[in-house]
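Naming: A, B, ... by sequence-line order, numbering from 1 per chain.
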There are 2 protein chains.
Amino acid sequence: MAEATLQSQTRADEAFDCLQTAIVTGELAPGEKIGEVELCSRFNLTRGPLREALGRLESRGLLVRRPHAGVKVVSVSAAELLELYRIREVMEGLAARQAAERMTDEEIAELQATLDSHEKMIEQAQGQAYYQAEGDYDFHHRIATGSRNAKLAQMLLGDLYYMVRMYRYRLSTSAGRPHLALREHRRIVEAIAQRDGELAEFLMKRHINAARINIEKKIEEGVLTI
Amino acid sequence: MAEATLQSQTRADEAFDCLQTAIVTGELAPGEKIGEVELCSRFNLTRGPLREALGRLESRGLLVRRPHAGVKVVSVSAAELLELYRIREVMEGLAARQAAERMTDEEIAELQATLDSHEKMIEQAQGQAYYQAEGDYDFHHRIATGSRNAKLAQMLLGDLYYMVRMYRYRLSTSAGRPHLALREHRRIVEAIAQRDGELAEFLMKRHINAARINIEKKIEEGVLTI
DNA sequence: GATCCATTTATTGTCAACAAAATACCCGAG
DNA sequence: CTCGGGTATTTTGTTGACAATAAATGGATC
């Protein structure tokens, strides 16, 4: 059962965190219709804060709400997942460009260190899928915040990533190409370190486009039925 | 005083609409600290639905909330406004490309008709600033929905445009270059009509970039003090 | 036997009172 | 006169009960 990760400041925040993680991890399955009272007993909440959290989640597109009819978890089709990647492509391209212009040298060093640890994890090849997925998330997370573009980071971290991660958990790993992805990550960081924003944008766009094509291929193969 | 535009389905929706328009039109000034009870009396609501609406608005970045300390309307700096345009550039570029691939012939015809009416309004030159601003919004709105990318449209229409419009109202018009903007719009539609997605993306990006530079110039001139 | 309508039931939407927390104010000491 | 601490007040956060609406069920008619 999903709990509030850290001591949330308010009950509504707690509810929001719980529900979000529950949705992302698949504990609450897509398309599942959920009653308010059921959720209350499940997460030890009362309906006031819960409703506030539901509103926030609806506004973020993680669930849909019909008046007087109830709440159900959003179910994203394969086509919509691919559309998400198209958005990621342009937005993270921008993030990479701005990160190249604005990240501090310390942040870049940390980013490189992150990749080093990812490399070790892949070499050890144990639970590589999970770590790869998490590592990938970590990498993109850092670049989003490194862009110093508050709204861009908010949209990426607050909207898109949660929807993508929702599928990551279900697919175990969407990438399945750890070495290749790592190499692409390395190149992007290199461009950022050289403060070459244009190249960083290009490489990031190509990186995400490759991931999208990979998913597309899996869908065609029937590995991925959504 | 802002009212619910149409009969909203629920009190919370009503509250959301009221507050959103109030913020966008400047009725609630940026940085203004607002109390819950005050809002309730002002919009004839009770605190339950209001709090739900506040949560949604916070999640969209239109206001910030500190636990136990209250709610205040977000105040976006000039720098942040420009960052918003950077995001628009890439996202609307994508929207234009996908619109060129996916819009129906009817939609394209409507889009052209829209521009015709805009042209007339500009020629009449009465209240041109207002109409230009609204017309511009209308144009971009149609392309966003025409992209057939649900999440992209949601992010543009639900997040970015409201923040941009917040400033539109305060600046009367951010463009101030109606003829030029119209010509750029024409070119974009032309590319869409020819189903040339790549060109449509390029032209849209350039169009928004020009708007951004125009604002930047105004800020430097001191016309625009945020 | 199937369909339409009314009633019932369960669920959501709303409200007003209660509890907790942060700000503001006042008083005293340095 | 200024600064620190403590109390008072205001405002937010939470709760549980009440009202309204939609789905489900059962009965009657075609």
Please report, rounded to the nearest Å, how far the [atom2] atom of [N] is from the [atom1] atom of [X].
X: B:H68; N: D:dT10; atom1: NE2; atom2: C1'; value: 14 Å
X: A:E36; N: D:dT15; atom1: CD; atom2: C1'; value: 15 Å
X: B:E52; N: D:dT12; atom1: CD; atom2: C1'; value: 17 Å
X: A:Q9; N: C:dA20; atom1: CD; atom2: C1'; value: 15 Å
X: B:E14; N: C:dC15; atom1: CD; atom2: P; value: 10 Å
X: A:K72; N: D:dA23; atom1: NZ; atom2: C1'; value: 15 Å
X: B:R47; N: C:dG13; atom1: CZ; atom2: P; value: 19 Å
X: B:L50; N: D:dG13; atom1: CG; atom2: P; value: 11 Å

Ignoring hydrogens and geometry beyond distance, is the side chain of A:R65 in donor-acceptor contact with the base of C:dG13 at under 3.5 Å?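 Side chain to base: no pair present.
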
Got a donor-acceptor pair under 3.5 Å from the side chain of B:R51 to the base of D:dG13?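 In this structure, the two groups form no donor-acceptor pair.
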
So if I apply the salt bridge (Lys or Arg N to Asp or Glu O under 4.0 Å) rule between A:E107 and each of A:R102, A:R142, A:R148, which one comes out positive? A:R148

Taking atom types as modelled, is there a side-chain donor on B:D136 or B:H185 under 3.5 Å from an acceptor on the other?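 Yes, a side-chain donor-acceptor pair sits under 3.5 Å.
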
Using only atom types and a distance under 3.5 Å, with no angle test, would you say the side chain of B:E32 pairs donor to acceptor with the backbone of B:A29?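 The answer is yes, because a donor-acceptor pair under 3.5 Å joins these two groups.
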
For the pair A:E83 (side chain) and A:E80 (backbone), establish whether a donor and an acceptor sit closer than 3.5 Å, ignoring hydrogens and angles. no

Does A:A69 or A:P49 map to a spot on DNA chain D nearer the 5' end, using the closest nucleotide for each?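 Per heavy-atom nearest nucleotide, the more 5' residue is A:P49.
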
Report the residue (A:R66 or A:L45) whose heavy-atom-nearest nucleotide on DNA chain D is the more 5′ of the two.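 That would be A:L45.
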
Find out whether the Lys NZ or Arg CZ of B:R88 is both under 6.0 angstrom from the six-membered ring centre of B:Y85 and within 45° of the ring's axis.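 Relative to the ring axis of B:Y85, which defines the angle, B:R88 lies inside both limits.
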
Has A:T10 got a side-chain N or O lying under 4.0 Å from the OP1 or OP2 atom of D:dT14?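 Checking D:dT14 against A:T10, a side-chain N or O does come within under 4.0 Å of OP1 or OP2.
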
Students often get this wrong, so: under 4.0 angstrom with heavy atoms, is A:G48 touching a base, only sugar-phosphate, or nothing? base

Per A:R11 side chain, nearest of listed nucleotides C:dA22, C:dC15, D:dT15: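 Per side-chain heavy atoms of A:R11, the pick is D:dT15.
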
